[in-house]
Amino acid sequence: MARPTAKGPLITIAAVVVVGLVVLLVNMGTRDPSGLPAAAVTTGPTAADRTDAAPTTAPGTGEAATEDAGPTTVEPVTGGIYAGRTAGREMTIAIAVDGERAVGYACDGKRVEAWLDGTLSGDRLSMTAKDGTTVEGTVTTGQVDGTLTTGDRDLAFTAESAAPPSGLYEGRADVRGVSARIGWIVLPDGSQVGAGKVGDTPVDAPELVLDGTTSLDGVPVTVTPVTGEAR
Amino acid sequence: MSTGPGGVDPPTDPTGFAPVPASPSRTGTTVVLVPLLVGGLVAVALGVYGRVHEPTFFAVNIAGFSSGVAAKAWLASVGFVLALVQLWSAAVLYGRIGPRPAPRWTGGLHRWSGRVAVLATVPVVVHCLYALGFQDGTPRLLVHSLLGCVFYGAFVAKMLLLTRRGAPGWALPVLGGIVFAALAGVWLTSSLWFFTTTGVTF
């Protein structure tokens, strides 16, 4: 066996750097087919800035998106956002808490979805949806544990604190005169689960992209991060 | 080691890397200092990049990962299994376990399993840093983010130390141990967490 030279470890470092750069470029380059620069979402303030500013500025961004017909960059919000799954992975749930107010969304990624509304009293979380789905839970540091009751099923869940860009997003669109509403949950591991309705008809959620190019059946969707604030 | 010139050298480098002639003024500890400094800078730089860079998160669905996060978990697991090979081969090289003297191939095994291990983690860390960033929302995320930075810093420090001669005997095992421990922690707080919460999926 040829004895390695002392350059071996340096070559190893160089190989790691080269592979890393190639993967990074692939990451950035694959966004080009949409015609958008990879930096489309980096035009906002830095993550550090946004952590402070987002709770107040994000809803404004959402309203601006409603007024502008064109694509608008959506700022992910921060704050008391929790996301997770039920123990049996039947449903994915996201909860946004702001003070004593809480809103949430639960869906199975296909046809079952519920927008929830409720309150936080102490550490007790209680939310209900129009279809009778309820969520009861306990909020602790960085986590919500609780039970999601939908139909006749009681599903235990744990939701972890979700830092941007993970969290809860709501999409609105006008599909040929019929209003559509879509919910997406982006989990802390980066995966997204969503569902939606056009009128009363359930539809598959389109892929959520945060640079304003989310579309449903070719119709642009206005995406707003959901916080606990009044909607 | 058997090729150490004249037997006057401190015992170094059982991995078989040829030592670089050192300037006589260097003492053992200062030889360690520069790799440690560079490694520390690497760790801090990665953390700062992860914190400042705007997470893009949609890299999730591209970047060559057909099955997204599961692919990350498996790649990281490949790295971790090879890290166990690293631990074993290092112990053999140092004569702690197995045959003595260590078989000739253990040096090659240690080097190449290490290279493959760290290369397997590269697509994962690029995704972590580019798409998700440094996060501290939960203890798991904080520990994972910190250890991820420590891992690459310690890796760079260890590689640089290998190219230097005259380092104290403890330096290489300690740095190697930090590299292994950091990767183990990173794996426990990501892949194992993923497999236990999501199930063993491909």
Side-chain angles (χ1 to χ4, degrees), chain A residues 1 3-13 15-24 26-31 38-48 50 76 78 81-82 84-85 89 141-143 158 160-166 186-192 207-211, chain B residues 3 15-20 50-64 68-69 72 104-105 107-108 111 114-115 118-119 121-123 125-127 129-141 152 155-156 158-165 190 193-194 197-199:
Chain A
M1 185 184 69
R3 199 174 160 75
T5 69
K7 287 176 183 162
L10 297 179
I11 293 171
T12 305
I13 293 179
V16 167
V17 170
V18 167
V19 171
L21 286 176
V22 166
V23 175
L24 184 64
V26 168
N27 260 295
M28 295 164 79
T30 30
R31 301 210 47 226
V41 289
T42 63
T43 51
T46 65
R50 200 184 54 208
T78 174
I81 315 281
Y82 305 87
R85 288 192 169 105
R89 302 178 50 72
T141 307
Q143 191 165 310
T158 299
E160 274 195 310
S161 178
S166 59
V186 179
L187 293 167
D189 67 12
S191 58
Q192 57 170 272
E207 185 190 350
L208 170 67
V209 285
L210 290 187
D211 58 6
Chain B
T3 55
T15 61
F17 283 110
V20 177
R51 179 60 107 180
V52 171
H53 169 70
E54 189 90 355
T56 57
F57 115 85
F58 9 46
V60 169
N61 294 326
I62 46 178
V69 178
K72 283 180 76 179
R104 291 178 61 89
W105 49 265
R111 280 191 296 277
R115 283 173 183 150
V118 75
L119 285 174
T121 67
V122 168
V125 72
V126 168
H127 181 271
L129 283 172
Y130 178 71
L132 303 174
F134 188 104
Q135 295 188 19
D136 56 7
T138 66
R140 179 185 76 81
L141 289 172
Y152 287 97
F155 160 73
V156 167
K158 179 165 184 269
M159 290 299 106
L160 292 180
L161 189 68
L162 284 171
T163 66
R164 309 187 129 229
R165 186 186 179 195
S190 59
W193 171 83
F194 174 79
T197 56
T198 303

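Just so you know, these numbers use all the heavy atoms, side chains as well, and skip hydrogens, waters and symmetry mates. Convention: sequence-line order gives letters A, B, ...; per-chain numbering from 1.
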inquiry  = Taking side chain to side chain donor-acceptor pair (under 3.5 Å) as the definition, give me every residue that meets it alongside Thr121(B), ordered by chain and number, with sequence neighbours left out.
reply    = Tyr152(B)
remark   = Among Thr158(A), Val16(A), Leu10(A), Val22(A), the residue with the most heavy-atom pairs under 4.5 Å to chain B is Val16(A)
query = Taking the side chain as C-beta and beyond, is there a heavy-atom pair between Val23(A) and Val125(B) under 4.5 Å?
reply = no
request  = Specify the closest pair of heavy atoms between Pro9(A) and Met159(B), including all atoms of both residues, with the distance to one decimal.
outcome  = CB-O, 3.1 Å
request  = Of all the heavy-atom pairs spanning Val126(B) and Gly20(A), show the shortest one and how long it is.
outcome  = CG2-O, 3.6 Å
query = Say you draw a straight line from CG of Leu24(A) to CG of Leu129(B); how long is it, rounded to the nearest 0.5 Å?
reply = 9.5 Å
note = Separation between NZ (Lys158(B)) and OG1 (Thr12(A)), nearest 0.5 Å, reads 9.5 Å
